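Reviewing the structure listed below.
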Amino acid sequence: MASPATVVLIPFCVSGHLTPMLEVGKRMLRSCRGNDDGGGGGSAMSLTVLLAQLPESHRAPEVDEIIRQHEAGASDSGFDVRFHCLPAEKLPDFRGGEDFISRFMQQHASHAREAISALESRVAAVVLDLFGTTLLDVTRELGLPGYVYFTSTASLLSLLLRLPALDQEVAVDFEEMEGAVDLPGLPPVPAARLPTPVMKKDCNYEWFVYHGNRFMEAAGIIVNTVAELEPAVLAAIADGRCVPGRRVPAIYTVGPVLSFKPPPEKPHECVQWLDAQPRASVVFLCFGSMGSFGPPQVLEIADGLERSGHRFLWVLRGRPPAGSPYPTDADVDELLPEGFLERTKEKGLVWSKWAPQKEILAHPAIGGFVTHCGWNSTLESLWNGVPLVPWPLYAEQHLNAFELVAAMGVAVEMKVDRKRDNFVEAAELERAVQCLMDDGSEEGRKAREKAAEAKAACRNAVEEDGSSSVALQKLTQEMVMSSK
Ligand SMILES: COc1cc(-c2[o+]c3cc(O)cc([O-])c3cc2O[C@@H]2O[C@H](CO)[C@H](O)[C@H](O)[C@H]2O)cc(OC)c1O
Ligand SMILES: O=c1ccn([C@@H]2O[C@H](COP(=O)(O)OP(=O)(O)O)[C@@H](O)[C@H]2O)c(=O)[nH]1
């Protein structure tokens with residue numbers, strides 16, 4: 001029997017992009033096994049993961065562990081998954097986050113070409129990170145279908161598809177623009193709510209325009225969203241309203257792509273604490289892999305939480321050391337106002353390290369989530385029906401926050417002062433937390449109701465006949481067929 005064709009994944013190796021790409025790969029293998037008539041437990045497909053690894057100085061501590069776990073998990077489940085490290089490159093010169101990620105991916109193009117050419121298996125398709133569209137040149141040269149795996153919302157995708165035209169329509173920097181931007185399928189988006197790299201027409205912005213253009217060349221775009229969460233935006237993309245007059249690649253909505261580990265034998269301290277709290281009584285605050293605040297903001301948060309009167313679990317991280325984007329464990333005694341821990345000890349827990357966020361959001365004691373609106377965190381919250389208070393910080397999070405409030409209705413708005421480094425006043429946090437958590441709040445009730453609907457949509461989507469499972473099957477069938 002011929003060996004199965006392989007799908008090559010080329011992720012950007014940071015947790016928020018790597019984990020969902022590895023997980024979607026695993027789901028593709030599972031979906032192929034479902035289609036396999038042999039029933040022998042194998043899959044009609046294998047995976048080859050090409051790792052363009054950041055040097056240790058820039059690598060998040062959890063990345064090696066993520067790779068180790070997926071390697072072990074793949075061999076346990078009988079799937080054929082091979083990891084291949086591409087030769088290391090000197091870090092590129094860069095002038096911002098998107099510039100860095102895009103150049104870093106570009107630097108590995110020739111290594112990726114060599115590695116793919118040397119594979120013994122037939123290659124069914126290559127799946128690229130959303131910042132890796134420069135590698136579409138490689139897939140074209142090799143005559144292979146190149147897909148993009150889009151780790152964020154359909155709304156961000158619609159913005160990127162529309163950006164090349166929007167760039168021509170709007171002469172000034174978007175941060176100078178008054179009024180709103182028309183993104184088909186969304187209510188008018190105030191210019192101030194656009195993603196950070198779009199605000200100023202610098203090199204990071206240029207990369208967004210570049211990727212937006214190149215997405216049109218992909219064989220398909222795989223999106224980590226749920227069709228039922230963003231129906232209007234997806235319809236607008238499919239109808240060609242984002243790029244009039246051109247055929248948009250097929251869109252596969254396969255989310256929520258979340259990976260869960262079995263809980264540890266001894267529950268984590270945060271979970272033990274939650275076990276002692278009443279149902280839906282705790283507001284959880286956590287700000288992603290890169291979120292941290294300076295001392296004045298920490299004081300405002302402490303004050304706002306205390307005044308809200310609600311129970312809280314607050315992941316408080318310290319500022320990153322120079323040259324790293326990753327927060328440190330916080331020195332809680334130094335950062336918090338005097339007497340805060342003592343005064344709130346019956347109601348709150350401040351956790352200064354990486355927290356088991358997925359387990360926390362799944363806990364029945366959690367009633368709301370103050371979040372930076374990273375898309376993985378958002379999906380984890382909606383998967384559990386937890387309503388949100390958005391506190392966007394970087395990347396595309398301001399647009400996510402807008403969509404959560406204005407389109408999905410699963411969140412209660414909070415005023416975040418983008419011009420003051422996303423500062424939130426204590427009184428505003430107090431108001432938003434009360435609005436989200438108080439039984440009597442109409443706004444909170446609506447958000448809770450919508451979050452419960454979103455939970456049902458997420459769970460239905462991944463059932464056997466759900467929209468995401470069907471999209472995944474279609475995708476894998478297409479890949480397998482094209483390799484025959
Ligand atoms: C989507 O737009 C951007 C994403 C990122 C980005 O960068 C990043 C860098 C790291 O060193 C570690 C990370 O984990 C990481 C993650 C990351 O994106 C996150 O991706 C999620 C899924 O797409 C999610 O949506 C989060 O909001 C993102 O933070 C960086 C960037 O510019 C620098 C982007 O424009
Ligand atoms: O203390 C923390 C902080 C973050 N996360 C996880 O890190 C990911 C963050 O991804 P997201 O897309 O939300 O934001 P990013 O960190 O990439 O900006 C999510 O899976 C979170 O569950 C976690 O487990 N513990």
Side-chain angles (χ1 to χ4, degrees), residues 11-21 23-24 54-55 57-63 65-66 91 94-105 129-131 148-153 155-157 159-160 194-199 202-205 207-208 211 223-225 255-261 268 270 284-292 313-317 320 323-327 329-330 351-362 369 371-384 386 388 390-401 403:
F12 172 51
C13 286
V14 299
S15 56
H17 288 228
L18 177 64
T19 307
M21 195 181 290
E23 183 61 33
V24 88
L54 289 159
S57 56
H58 284 65
R59 205 177 306 162
E62 66 274 10
V63 164
E65 183 54 25
I66 293 170
L91 283 180
F94 63 97
R95 284 172 291 151
E98 292 73 14
D99 189 35
F100 171 72
I101 303 173
S102 306
R103 283 180 194 278
F104 181 75
M105 296 309 288
D129 185 84
L130 71 115
F131 289 109
V148 169
Y149 183 46
F150 201 85
T151 44
S152 188
T153 59
S155 292
L156 180 68
L157 175 61
L159 171 64
L160 290 188
L194 290 171
T196 306
V198 173
M199 298 307 277
D202 60 11
C203 61
N204 297 300
Y205 170 88
W207 274 111
F208 260 34
H211 294 307
V223 192
N224 186 8
T225 191
V257 179
L258 306 173
S259 57
F260 296 102
K261 283 190 286 188
H268 189 276
C270 290
F284 174 50
L285 297 91
C286 189
F287 301 92
S289 56
M290 290 180 281
S292 66
L313 169 48
W314 175 13
V315 180
L316 168 61
R317 307 301 307 277
S324 160
Y326 303 111
D329 296 349
W351 186 255
S352 61
K353 298 182 274 256
W354 185 261
Q357 177 171 298
K358 284 187 211 134
E359 262 186 87
I360 290 170
L361 285 168
F369 183 22
T371 168
H372 75 312
C373 298
W375 188 233
N376 294 298
S377 296
T378 304
L379 287 175
E380 289 160 16
S381 197
L382 298 181
W383 177 256
N384 291 294
V386 176
L388 314 109
W391 188 337
L393 300 176
Y394 52 91
E396 89 293 23
Q397 294 150 15
H398 285 270
L399 180 65
N400 297 354
E403 186 180 11

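Note that the coordinates shown come from a computational prediction; the quantities given were computed from them, not determined experimentally. Ligands are counted one by one from 1 in listed order, and the atoms in each one are counted from 1 as well.
With a 4.0 Å cut-off on non-hydrogen atoms, Phe131 touches ligand 1 through its side chain and not its backbone. Residue His372 does not touch ligand 1, judged by heavy-atom distances below 4.0 Å. For Phe208, every heavy-atom contact with ligand 1 shorter than 4.0 Å involves the side chain, none the backbone.
In the vicinity of Asn376, heavy-atom distances shorter than 4.0 Å reach the ligand 1 atoms 21 (C), 22 (C). Close approach of ligand 1 to Gln397 (heavy-atom distance below 4.0 Å) involves ligand atoms 26 (C), 27 (O), 29 (O). Close approach of ligand 1 to Ser289 (heavy-atom distance below 4.0 Å) involves ligand atoms 14 (O). Residue Ser15 approaches ligand 1 through these ligand atoms, each under 4.0 Å from one of its heavy atoms: 14 (O). In summary, the atoms of ligand 1 found under 4.0 Å from a heavy atom of Gly97, numbered by their order in the structure, are 33 (C). Applying the 4.0 Å criterion to heavy atoms of Tyr326 picks out, from ligand 1, the atoms 10 (C), 11 (O), 12 (C). Residue-ligand proximity, Gln397 to ligand 2, at heavy-atom distances under 4.0 Å covers atoms 18 (O).
Among protein heavy atoms, the minimum distance from atom 7 (O) of ligand 2 is reached at Trp354 CH2, 3.5 Å. In this structure, the protein non-hydrogen atom closest to atom 13 (O) of ligand 2 is Ser377 OG, 2.5 Å. Atom 20 (O) of ligand 2 has as its closest protein heavy atom Glu380 OE2, 2.5 Å. For atom 21 (C) of ligand 2, the closest heavy atom belonging to the protein is Gln357 NE2, 3.3 Å. Scanning all protein heavy atoms for the shortest distance to atom 25 (N) of ligand 2 gives Ala355 O, 2.7 Å. Looking only at protein heavy atoms, the nearest one to atom 14 (O) of ligand 2 is His372 NE2, 3.0 Å. For atom 12 (O) of ligand 2, the nearest protein heavy atom (residue, atom name, distance) is Asn376 ND2, 2.8 Å. Among protein heavy atoms, the minimum distance from atom 16 (O) of ligand 2 is reached at Ser289 OG, 2.5 Å.
When only interatomic distances are considered, the shortest N/O to N/O separation between Tyr394 and ligand 1 does not fall below 3.5 Å.
At least one heavy atom of Ile101 sits less than 4.0 Å from an atom of ligand 1. Under a 4.0 angstrom heavy-atom cut-off, Cys286 registers as being in contact with ligand 2. For the pair His17 and ligand 2, no heavy-atom separation below 4.0 Å is found. Ligand 2 has Tyr394 within reach: a non-hydrogen atom of the residue lies less than 4.0 Å from it. A heavy-atom separation below 4.0 Å is not found between Arg317 and ligand 2.
Comparing heavy-atom distances from atom 22 (C) of ligand 1 across Thr151, Leu130, Val198 singles out Thr151 as nearest. Nearest to atom 9 (C) of ligand 1 by heavy-atom distance, out of Met290, Glu98, His17, Glu396, is Met290.
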- [ ] Mind running ring-ring contact (aromatic ring centres under 6.0 Å, His included) on Tyr394 and His372 for me, showing each step along the way?
- [x] CA-CA 8 Å; Tyr394 52 91; His372 75 312; 5.8 Å; yes

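Ring planes of Phe12 and Phe104: perpendicular class, angle over 60° (limits at 30 and 60°).
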